[in-house]
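Order of the sequence lines fixes the chain letters, A, B, ..., with proteins taken first and strands second; residue numbering starts at 1 for each chain.
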Amino acid sequence: MQPARYSQMFIPTLKEAPADAQVASHRLLVRAGFIRQLGAGIYDHLPLARRTLARVERIVRQEMDAIGGQEFHLPALHPAEIWKESGRWEVMGDNMFRLKDRKGADYCLGMTHEEIFTAIARDELRSYRQLPQVWYQIQTKFRDEPRPKSGVLRVRQFTMKDAYSFDVDAAGLDRSYDDQRRAYEKIFTRCGLDFVAVQAHSGAMGGSGSQEFMVRTDAGEDDVAACPKCRYAANTETANSRGPIRPVDAGEPLAAPRKFPTPGVRTIEALERPPHGRSAARQLKTLVYAADEKLVLAVVRGDDELDEAKLQTATGAAQVRPAQPEEIRPLLGADPGSLGAVGVGNCPVFVDGTLAAAVGMVTGANENDVHLEGVDVRRDIGGAKLADLRKVKAGEGCPRCDGALELFKALEVGHIFKLGTKYSVSMKANVLLADGKETPIVMGSYGIGVERVMAAAVELHHDADGIIWPFSIAPFHATILTMGKEPELARAAEEVAAALGRAGMDVLFDDRDERAGVKFKDADLIGIPLRIAVGKRGLAEGKVEWKLRRGKEVDLVATGDVEARARALLAAELG
RNA sequence: CGGGGAGUGGCUCAGCUUGGUAGAGCACUUGGUUCGGGACCAAGGGGUCGCAGGUUCAAAUCCUGUCUCCCCGACCA
């Protein structure tokens with residue numbers, strides 16, 4: 001293959017990063033000439049990004065094909081009807097880009113493709129004999145994110161590999177799911193990502209189980225609780241810890257809750273201070289939420305934090321949001337800060353499971369400036385449903401072993417779901433069994449954010465000078481540059497470039513009329529894994545400088561040895 | 001949506017408080033000197049100061065509205 005010539009390529013590198021770039025991947029992908037912003041959460045992929053993304057996609061295709069996946073390409077523009085069938089036209093709310101055609105009919109831009117693939121399955125699959133099927137595509141998704149941020153990490157238009165499995169029964173789904181999980185492990189490993197597969201919250205997708213593939217980085221937006229001693233790892237949206245959480249600092253039990261005046265007290269902290277002195281662990285925190293627009297109460301301990309995803313799971317609602325003060329007052333008769341669940345009968349109450357046996361607790365009396373003490377959760381909030389609502393904290397016990405949990409930030413690069421029959425039932429995708437009965441197809445859905453894989457690799461692999469790509473997804477494997485203008489240097493560089501090409505490397509030949517320093521800086525910034533520099537001194541002995549981006553050492557290598565050495569390096573790196 | 005910040009040559013920013021008709025560095029063009037880690041000198045090109053109204057003899061600067069972008073909280077690959 002011919003080496004690419006830097007002078008002919010469009011690689012707009014920048015000395016300074018745009019002021020609004022906060023995270024490393026954003027800063028470096030812009031500076032190194034991979035991406036440019038078109039609008040909030042909308043990015044141009046310039047040639048270098050396209051090359052890297054194409055490599056990621058190639059790895060994804062290989063691993064999908066290896067488990068029997070068949071590639072499709074479905075429309076991004078969807079008629080509203082199909083989303084109304086599954087009920088998600090409403091569920092997706094403002095996250096969906098919606099538009100009308102010239103006749104006024106409703107359309108949307110696809111956020112994901114469960115509905116479209118399920119429609120194909122419904123229309124075309126008739127018999128259990130046709131199953132299992134594994135279908136996938138690499139396609140553009142549109143989501144009207146409320147808050148795009150962090151460069152390419154959270155955007156409104158992105159590329160997703162989405163795969164769907166169709167099985168006759170749950171056992172088949174388990175196999176398909178395991179195939180995908182193993183494929184994901186290979187994909188992310190090959191892309192040079194350190195990752196953990198964690199237990200996840202299913203959110204709007206529905207279904208029985210799911211795992212997220214997380215890359216540990218502060219640029220991520222999820223919190224993961226993981227046990228260093230065993231394999232337990234979970235998104236804090238589902239993570240548990242081993243009880244007892246902390247000693248329940250029980251107050252004095254009373255025969256019945258007793259009111260006491262708390263003028264001006266509106267916060268847990270205020271109630272901890274004198275003259276009240278009620279520790280947060282003895283307080284009940286009562287929060288009002290709208291779950292699918294129906295008000296509910298959520299109660300956690302005063303020193304705990306409510307996890308909204310857990311509340312969503314507990315209520316079974318599609319959407320959960322904090323209630324407005326204007327909604328709360330008519331419901332409970334008091335303002336936030338004086339709320340409690342004791343005696344509340346006009347809305348569902350959810351109490352965190354760790355409070356099941358709590359006695360002698362303090363809570364708001366639903367009367368401004370008044371609290372209750374001596375509250376016995378079982379006795380006084382008897383109608384409540386117990387649920388896991390609290391967010392786990394670092395250092396708490398692992399639910400699976402005697403280890404202690406650690407918490408860290410992570411970036412979600414992939415998510416696999418056992419959907420079950422949610423979509424096949426609502427969209428009537430059935431097949432006939434051997435005994436002639438109809439059964440809904442059992443489905444799974446599996447996503448990978450392609451740009452996120454690229455960005456995650458940058459987050460993980462960079463230094464002060466720029467990106468350090470793994471060979472597998474680098475835009476070029478090697479770059480070659482000359483130090484000086486002598487024609488013999490350029491000639492030698494051409495030869496070395498050809499040798500690298502014969503070894504199977506993609507080569508960028510920096511033939512620009514620039515000083516060596518400029519070429520070095522750009523090579524480091526762009527992050528090409530292997531750099532060969534041709535200079536007068538080395539060439540006098542028939543040698544060139546061989547340097548890996550990730551290391552410090554510079555080796556002098558005879559030009560005749562470059563090909564063999566490159567071949568060996570590539571074999572070692574790509575396996 | 002709630003809260004905070006910012007829009008001035010391609011990029012990073014100054015100028016705004018105290019109105020007087022736009023600047024620096026980088027980038028770009030030309031010439032010269034350089035040439036192993038983002039060179040130097042000289043001469044150039046490039047901006048209706050986000051947009052729309054208003055105040056004023058005069059608006060980048062003051063007022064109102066509006067759009068866009070960024071950051072912090074609720075969603076997701």
Side-chain angles (χ1 to χ4, degrees), chain A residues 12-23 26 30-31 36-42 60 91-96 111-113 138-163 184 200-205 210 212-215 220-222 235 237 289-290 306-309 311-312 318-322 324 411-417 445-456 465-466 481-486 489 513-525 531 533-538 545 547 554:
Chain A
T13 58
L14 261 24
K15 282 189 189 174
E16 286 175 289
D20 51 29
Q22 309 282 315
V23 300
H26 185 194
V30 170
R31 277 195 60 206
R36 287 293 185 267
Q37 183 176 38
L38 178 62
I42 312 175
V60 167
V91 171
M92 290 308 192
D94 289 339
N95 276 340
M96 186 178 253
M111 306 177 62
T112 173
H113 283 75
I138 295 176
Q139 225 262 12
T140 307
K141 308 294 189 207
F142 297 89
R143 298 186 185 175
D144 193 357
E145 285 286 339
R147 195 156 92 75
K149 62 176 288 198
S150 302
V152 102
L153 291 184
R154 193 212 232 144
V155 291
R156 299 196 293 173
Q157 169 176 343
F158 63 97
T159 311
M160 181 159 93
K161 184 288 297 180
D162 48 322
Y184 273 41
H201 175 69
S202 302
M205 298 293 283
S210 77
E212 290 164 327
F213 288 79
M214 296 289 205
V215 171
E221 302 185 273
D222 283 275
N235 193 306
E237 293 175 343
Y289 272 77
L306 172 74
D307 187 288
E308 294 190 2
L311 180 63
Q312 190 201 333
Q319 299 268 12
V320 159
R321 63 164 175 86
Q324 304 293 322
L411 172 68
E412 181 185 5
V413 290
H415 201 158
I416 56 180
F417 296 89
S445 134
Y446 316 94
I448 290 178
V450 177
E451 292 91 340
R452 272 195 187 173
V453 170
M454 171 173 79
D465 294 320
L481 57 87
T482 53
M483 297 177 293
K485 290 194 191 307
E486 293 76 1
L489 296 184
D513 182 19
E514 288 285 357
R515 301 157 64 87
V518 171
K519 299 183 192 178
F520 284 134
K521 288 289 185 189
D522 277 334
D524 287 349
L525 216 209
R531 185 191 79 199
V534 183
K536 292 186 280 284
R537 296 204 288 269
E545 292 176 15
K547 179 179 177 301
V554 177

**OP:** Calculate the interatomic distance between A/Arg156 atom CZ and B/C70 atom C1'; express it in whole Å.
**Re:** 13 Å
**OP:** Using distance alone, with no hydrogens and no angle criterion, decide if A/His26 and A/Lys149 have a side-chain donor and acceptor under 3.5 Å apart.
**Re:** no
Subject >> Proximity to the side chain of A/Ala40 - top-ranked nucleotide from B/C26, B/C76, B/C69 >> reply: B/C69
Original post:
How close or far is atom P of B/A74 from atom CG of A/Asn95, stated in whole angstroms?
Top reply: 15 Å
**OP:** Can you sort out the partners of A/Lys521 under salt bridge (Lys or Arg N to Asp or Glu O under 4.0 Å), two or more places apart, ordered by chain and number?
**Re:** none
Subject >> Below 4.0 Å: OP1/OP2 of B/C76 and any side-chain N or O of A/Arg143 >> reply: no
Subject >> Watson-Crick/G-U partner (both atom distances under 3.5 Å) of B/G19 >> reply: none
Original post:
Just by modelled atom types, is the A/Asp307 backbone N or O under 3.5 Å from a matching donor or acceptor in the A/Glu237 side chain?
Top reply: no
Original post:
Mind checking the C1' distance from B/G25 to B/C72? Whole angstroms is fine.
Top reply: 32 Å
**OP:** Mind calculating the distance between CG (A/Leu153) and P (B/A77) to the nearest angstrom?
**Re:** 15 Å
Subject >> Who pairs with B/G44 - Watson-Crick or G-U, where each distance is under 3.5 Å >> reply: B/C28
**OP:** For B/C49 versus B/G31, give the span between their C1' atoms, rounded off to a whole number of Å.
**Re:** 33 Å
Original post:
Roughly how many Å is it from CG in A/Asp144 to P in B/C76, rounded to a whole number?
Top reply: 14 Å
Subject >> d(CZ, A/Arg154; P, B/C69) in whole Å >> reply: 15 Å
Original post:
Using atom P of each nucleotide, how far apart are B/A24 and B/C41 to the nearest Å?
Top reply: 15 Å
Original post:
Which part of the nucleic acid, if any, lies within contact of A/Val413, taking any heavy atom under 4.0 Å across all strands shown: a base, the sugar-phosphate backbone alone, or nothing?
Top reply: sugar-phosphate
**OP:** Scan every strand shown for a Watson-Crick or G-U wobble partner of B/G37, both distances under 3.5 Å, and answer none if you come up empty.
**Re:** none
Original post:
In Watson-Crick or G-U wobble terms, both distances under 3.5 Å, what is the partner of B/G73?
Top reply: B/C1
Subject >> salt bridge (Lys or Arg N to Asp or Glu O under 4.0 Å) involving A/Asp513 - partner list, sequence neighbours excluded >> reply: A/Lys485
**OP:** Output the single nucleotide from B/C70, B/C72, B/G37 whose closest atom is nearest the side chain of A/Gln22.
**Re:** B/C70
Subject >> Interatomic distance where CZ belongs to A/Phe417 and C1' belongs to B/A77 [whole Å] >> reply: 9 Å
Subject >> Spacing of the P atoms in B/A43 and B/C26 (rounded, Å) >> reply: 14 Å
Original post:
Hey, is the main chain of A/Met111 close enough, under 3.5 Å, to the side chain of A/Arg143 for a donor-acceptor pair?
Top reply: yes
**OP:** Identify whether any heavy atom of A/Gln37 sits under 4.0 Å from a base atom; if not, whether one sits that close to sugar-phosphate; answer base, sugar-phosphate or nothing.
**Re:** sugar-phosphate
Subject >> Nearest heavy-atom neighbours spanning A/Leu489 and A/Gly535 >> reply: CD2-C, 3.6 Å
**OP:** Look through every strand shown and name the nucleotide pairing with B/G53 as Watson-Crick or G-U wobble, where both distances are under 3.5 Å.
**Re:** B/C63
Original post:
Got a sec, which residues hit side-chain contact (heavy atoms from CB on, under 4.5 Å) with A/Ser150, two or more places apart in sequence or on another chain?
Top reply: A/Val23, A/Leu153
Original post:
What residues, two or more places apart in sequence or in another chain, satisfy side-chain contact (heavy atoms from CB on, under 4.5 Å) together with A/Arg531?
Top reply: A/Thr479, A/Leu481, A/Phe520, A/Ala523, A/Asp524, A/Lys547
Original post:
Start at the 5' end of RNA chain B and walk down; is the nucleotide closest to A/Asp222 or to A/Gly41 reached first?
Top reply: A/Gly41
Original post:
Does A/Lys149 place a side-chain N or O at less than 4.0 Å from the phosphate oxygens OP1/OP2 of B/C72?
Top reply: yes
Original post:
Between A/Asp94 (CG) and B/C76 (C1'), how many Å, whole number?
Top reply: 15 Å
**OP:** Could you run through nucleotides 3-14 of chain B and give me one letter per nucleotide, 5' to 3': B if any protein heavy atom sits under 4.0 Å from the base, S if only the sugar-phosphate is that close, - if neither?
**Re:** --------SSS-
**OP:** Can you tell me, in whole Å, how much space there is between the C1' of B/C70 and that of B/A77?
**Re:** 23 Å
**OP:** With heavy atoms under 4.0 Å as the rule, sort A/Thr482 into base, sugar-phosphate or nothing.
**Re:** nothing
Original post:
Between A/Arg147 and B/G73, is there a side-chain N or O to OP1/OP2 distance below 4.0 Å?
Top reply: yes
**OP:** Taking atom P in both B/A60 and B/G54, compute the distance separating them and give it to the nearest angstrom.
**Re:** 15 Å
Original post:
A/Phe142 CZ to B/A77 P: how many Å, rounded?
Top reply: 16 Å
Subject >> Residues touching RNA chain B, which here means a heavy atom under 4.0 Å, drawn from residues 446-453 of chain A >> reply: A/Ile448, A/Gly449, A/Arg452
**OP:** List for me each residue that meets side-chain contact (heavy atoms from CB on, under 4.5 Å) alongside A/Gln22, sequence neighbours excluded, and say none if there are none.
**Re:** none
Original post:
Considering only B/A39, B/A74, B/C75, which nucleotide approaches the side chain of A/Arg515 most closely?
Top reply: B/A39
Subject >> Non-hydrogen atoms of A/Pro12 and A/Arg36 that approach each other most closely >> reply: O-NH2, 2.7 Å
**OP:** Could you work out the separation of B/A74 and B/C1 based on their C1' atoms and round it to a whole Å?
**Re:** 9 Å
**OP:** Scan A/Asp162 against the nucleic acid and name what it touches under 4.0 Å (heavy atoms): base, sugar-phosphate only, or nothing.
**Re:** nothing
Subject >> ring pair (Phe, Tyr, Trp, His ring centres under 6.0 Å) involving A/Tyr184 - partner list, sequence neighbours excluded >> reply: A/Phe188, A/Phe213
**OP:** Report yes or no: is there a donor-acceptor pair, N or O only, under 3.5 Å between the side chain of A/Glu545 and the base of B/G36?
**Re:** yes
Original post:
So what's B/A6 paired with, Watson-Crick or G-U wobble, going by both distances under 3.5 Å?
Top reply: B/U68
Subject >> Spacing of the P atoms in B/G73 and B/G19 (rounded, Å) >> reply: 40 Å
Subject >> Touch class at under 4.0 angstrom, heavy-atom based, for A/Arg31 against every strand present >> reply: base
**OP:** Using a heavy-atom cut-off of under 4.0 Å over every strand shown, decide if A/Gly414 touches base, sugar-phosphate, or nothing.
**Re:** sugar-phosphate
**OP:** Could you tell me whether a side-chain N or O of A/Arg31 sits under 3.5 Å from a main-chain N or O of A/Leu14, the two making a donor and an acceptor?
**Re:** yes
**OP:** Between A/His26 and A/Ala516, just flag the one whose closest nucleotide in RNA chain B comes earlier from the 5' side.
**Re:** A/Ala516
Original post:
If you look at every strand shown and take non-hydrogen atoms under 4.0 Å, does A/Met160 touch a base, only sugar-phosphate, or nothing?
Top reply: sugar-phosphate
**OP:** Begin with the C-alpha distance, continue with both residues' side-chain angles, and end with the deciding distance and a verdict on side chain to side chain contact (heavy atoms under 4.5 Å, CB included) for A/Asn235 and A/Glu212.
**Re:** CA-CA 8 Å; A/Asn235 193 306; A/Glu212 290 164 327; 2.8 Å; yes
**OP:** Give a yes/no verdict on base stacking between B/A77 and A/Phe158: centres under 5.5 Å, planes within less than 30° of parallel.
**Re:** yes
Subject >> salt bridge (Lys or Arg N to Asp or Glu O under 4.0 Å) involving A/Glu308 - partner list, sequence neighbours excluded >> reply: none
Subject >> Donor-acceptor pair (no angle test) under 3.5 Å: A/Arg531 side chain, B/G36 base >> reply: no
Original post:
To the side chain of A/Glu308, which of B/C72, B/A39, B/C75 is closest?
Top reply: B/C75
